[in-house]
Amino acid sequence: MNAILDMTLTELSAHMDEGKISSVDATKACLDRIGKTAALNNFLTVCESEALSYAKEADARRKNGEKGVLLGVPVAVKDNISTLGIKTTCASEFLNNYIPPFDAFVVKQLKKAGAVIVGKTNMDEFAMGCTNEHSAFGAVHNVHDTSRVSGGSSGGSANCVAAKQVFASLGSDTGGSIREPASYCGVVGFKPTYSAVSRNGLIAFASSLDQIGPIARTCADALQVLKVISAHDGCDSTSVGLDNLPVNLDGSLKGKKIGVAKQFMSGADSDVLREYKRAIKTVEDMGGEIVEVSIQSFDAALAVYYVLSSAEAASNLSRYDGVKYGRRADGYKDINELYVKSRTQFFGDEVKRRIMIGNYVLSSGYYDAYYVRAAKTRTLIKDEYLRALDVCDALLCPTAPTAAPKIGEEAKPDKTYYSDIYTVPVNIAGLPAVSVPFGKASDGMPIGMQVIGRPYADGDILAIGDCLCNGGGAKC
Ligand code: GLN
């Protein structure tokens, strides 16, 4: 493997600053690696010629004296984030040939910063899933053991960073889809505060929960991507942006209060629990103070998430009916048959399951019992996390209850939904959280730990994650 690919994003950028490596060299190395490891199935589209022309442009910009950490750096973008002139399929048969007429805000920001987008990554269809097995274009194979899943739904985005095919990527996270695959693949995955990053051009799953965020090899690299994508955008009415990010991450846990709850001990398998206890000890060894908190709502969050996210998904996905949005089925007699045939033929099973759950919990007679109750419980969960974060700087828990399962092992929805138990409360409460690689399971697969913070403490959370990673984590 080309030595360039062993560098972190920050190292590559420093080498490009010194004129030792060109963006064209780095991009060619990435494209070559993507070609040679194509069986991982990380990419749904590789934009070779566009990438090389962006790289040439970035080299010219650097020659003209322009600076910028992302200038000329090869990155990848999840396939639910719109890219002008480049297919954006959401890993669905419904959008298998959709070519957006505009760039998502985050893509515009990446291009402005001179990042080189080399391709669009595989995912669970419409971002619904925990394993990437619900892609219409096949599962992603985890680079650490190809018989295992990458996690989902941003499976391609996490695995392409772990496989050293690119230096960073963008994923989306509605209930854990950045953090959980990052944990399974041994990389850093960051979900920003709700409203920190514009969703303009992100194809919606559940709009009150969706956030775009970076996946990278280190927290410092993730910070660099976050800086570029977290500007305020008038085209997303929820956008606030982040204007308080640090220049660099401060490498100390001294005096930091880190909250742990006994509820976090339930739910994880013995490997994850062992690493969680080691992470707590690492925090103490590094001068941090462990604070006991209680999260009574821990078990309720999963049910709340699957009611609310499915309700929003059913509504967001009603636009795909074969009339204006998405493919149209052949051989229909009337408009009703056109809807039914198109939706039956082009949505996968998991998406249909979410639409059915969503319409059920929203239907008259059930609305109060399910949707309204979940919405009220959401407020209680959010309040409880914010109260816990009043007495500490961050919460620490595992990212997922296990390391990556085998492909095919989690076919039953109740089993696979359970893997979101640690991640969904963060979206319900709109908080920032990072998953950092921390140790290995007994079979050698990576394990991730999650650091959760107060709204808009995104930079602090990356700094704490960085310390944890350096203090006892696994290098990815
Ligand atoms: N695994 C969760 C789900 O299937 C989260 C998905 C996501 O964050 N996009 O809904």
Side-chain angles (χ1 to χ4, degrees), residues 77-81 90-92 121-135 139-140 149-158 169-185 189-192 194 197 199 202-215 267 301-317 347-358 361 374 399-402 404-405 410-435 448 450 452:
V77 173
K78 186 174 178 178
D79 212 24
N80 58 351
I81 299 176
C90 284
S92 179
T121 55
N122 201 350
M123 56 184 279
D124 285 296
E125 184 178 2
F126 284 103
M128 296 170 194
C130 316
T131 61
N132 216 120
E133 292 169 285
H134 297 302
S135 164
V140 166
V149 304
S150 57
S153 65
S154 313
S157 286
S169 65
L170 294 186
S172 68
D173 191 312
T174 305
S177 279
I178 288 175
R179 291 159 286 153
E180 193 236 37
S183 166
Y184 286 0
C185 294
F190 182 66
K191 186 210 97 73
Y194 185 78
V197 177
R199 286 92 47 83
L202 169 71
I203 297 178
F205 164 5
S207 310
S208 78
L209 301 157
D210 296 339
Q211 265 297 282
I212 295 172
I215 298 176
L302 211 49
V304 168
Y305 169 80
Y306 275 95
V307 169
L308 296 181
S309 66
S310 302
E312 292 183 35
S315 163
N316 274 327
L317 270 60
F347 278 140
D349 286 349
E350 184 59 27
V351 173
K352 286 178 186 156
R353 184 178 294 123
R354 306 290 178 109
I355 293 172
M356 282 191 279
I357 297 171
V361 301
T399 307
T402 65
E410 291 203 345
K412 291 231 166 61
D414 55 344
K415 189 156 183 221
T416 180
Y417 292 175
Y418 189 75
S419 60
D420 297 330
I421 185 141
Y422 290 106
T423 50
V424 295
V426 170
N427 302 72
I428 290 172
L431 306 172
V434 67
S435 175
Q450 185 178 210
I452 304 169

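Indexing begins at 1, ligand by ligand and atom by atom, following the structure's order. All values below were derived from every heavy atom in this structure, side-chain atoms included, with hydrogens, water molecules and symmetry-related copies excluded.
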- Step by step, work out the side chain to side chain contact (heavy atoms under 4.5 Å, CB included) result for I178 and F190. CA-CA 7 Å; I178 288 175; F190 182 66; 5.6 Å; no

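- In this structure, F347 and E125 have side chains that are in contact, with non-hydrogen atoms separated by less than 4.5 Å.
- Closest approach of S157 and T121 over heavy atoms only: OG-OG1, 2.7 Å.
- Side-chain atoms of S154 come within 3.5 Å of backbone atoms of S172 as a donor-acceptor pair (strictly under, hydrogens ignored).
- Of all protein heavy atoms, the one lying nearest to atom 10 (O) of ligand 1 is Y305 OH, 2.6 Å.
- Listed for the S177 side chain is a donor-acceptor partner under 3.5 Å among the backbone atoms of S153.
- The contact set between ligand 1 and S153, taken as ligand atoms under 4.0 Å from a residue heavy atom, comprises 9 (N).
- Although no hydrogens or angles enter the test, the distance criterion places no donor-acceptor pair under 3.5 Å between the side chain of K78 and the main chain of G156.
- By the 3.5 Å distance cut-off applied to N or O atoms, A127 is counted among the residues near ligand 1.
- By the 3.5 Å distance cut-off applied to N or O atoms, G152 is not counted among the residues near ligand 1.
- For atom 4 (O) of ligand 1, the closest non-hydrogen atom on the protein side is R354 NH2, 2.7 Å.
- A 4.5 Å side-chain heavy-atom check between T402 and S419 finds every atom pair outside the cut-off.
- Contacts between Y306 and ligand 1, counted as non-hydrogen atom pairs separated by less than 4.0 Å, involve the side chain only.
- Across R199, K191, R179, a single residue satisfies salt bridge (charged side-chain N to carboxylate O under 4.0 Å, His left out) together with D173, and that is R179.
- The shortest N or O to N or O distance between S172 and ligand 1 is not below 3.5 Å.
- Summary of contacts: the protein heavy atom closest to atom 2 (C) of ligand 1 is D420 OD2, 3.1 Å.
- Applying the 4.0 Å criterion to heavy atoms of M128 picks out, from ligand 1, the atoms 4 (O).
- Below 4.0 Å from some heavy atom of C130 lie the following atoms of ligand 1, by number and element: 1 (N).
- In the vicinity of D173, heavy-atom distances shorter than 4.0 Å reach the ligand 1 atoms 8 (O).
- Looking only at protein heavy atoms, the nearest one to atom 7 (C) of ligand 1 is S177 OG, 2.3 Å.
- Side-chain atoms of N316 come within 3.5 Å of backbone N or O of F205 as a donor-acceptor pair.
- At least one N or O atom of G175 sits closer than 3.5 Å to an N or O atom of ligand 1.
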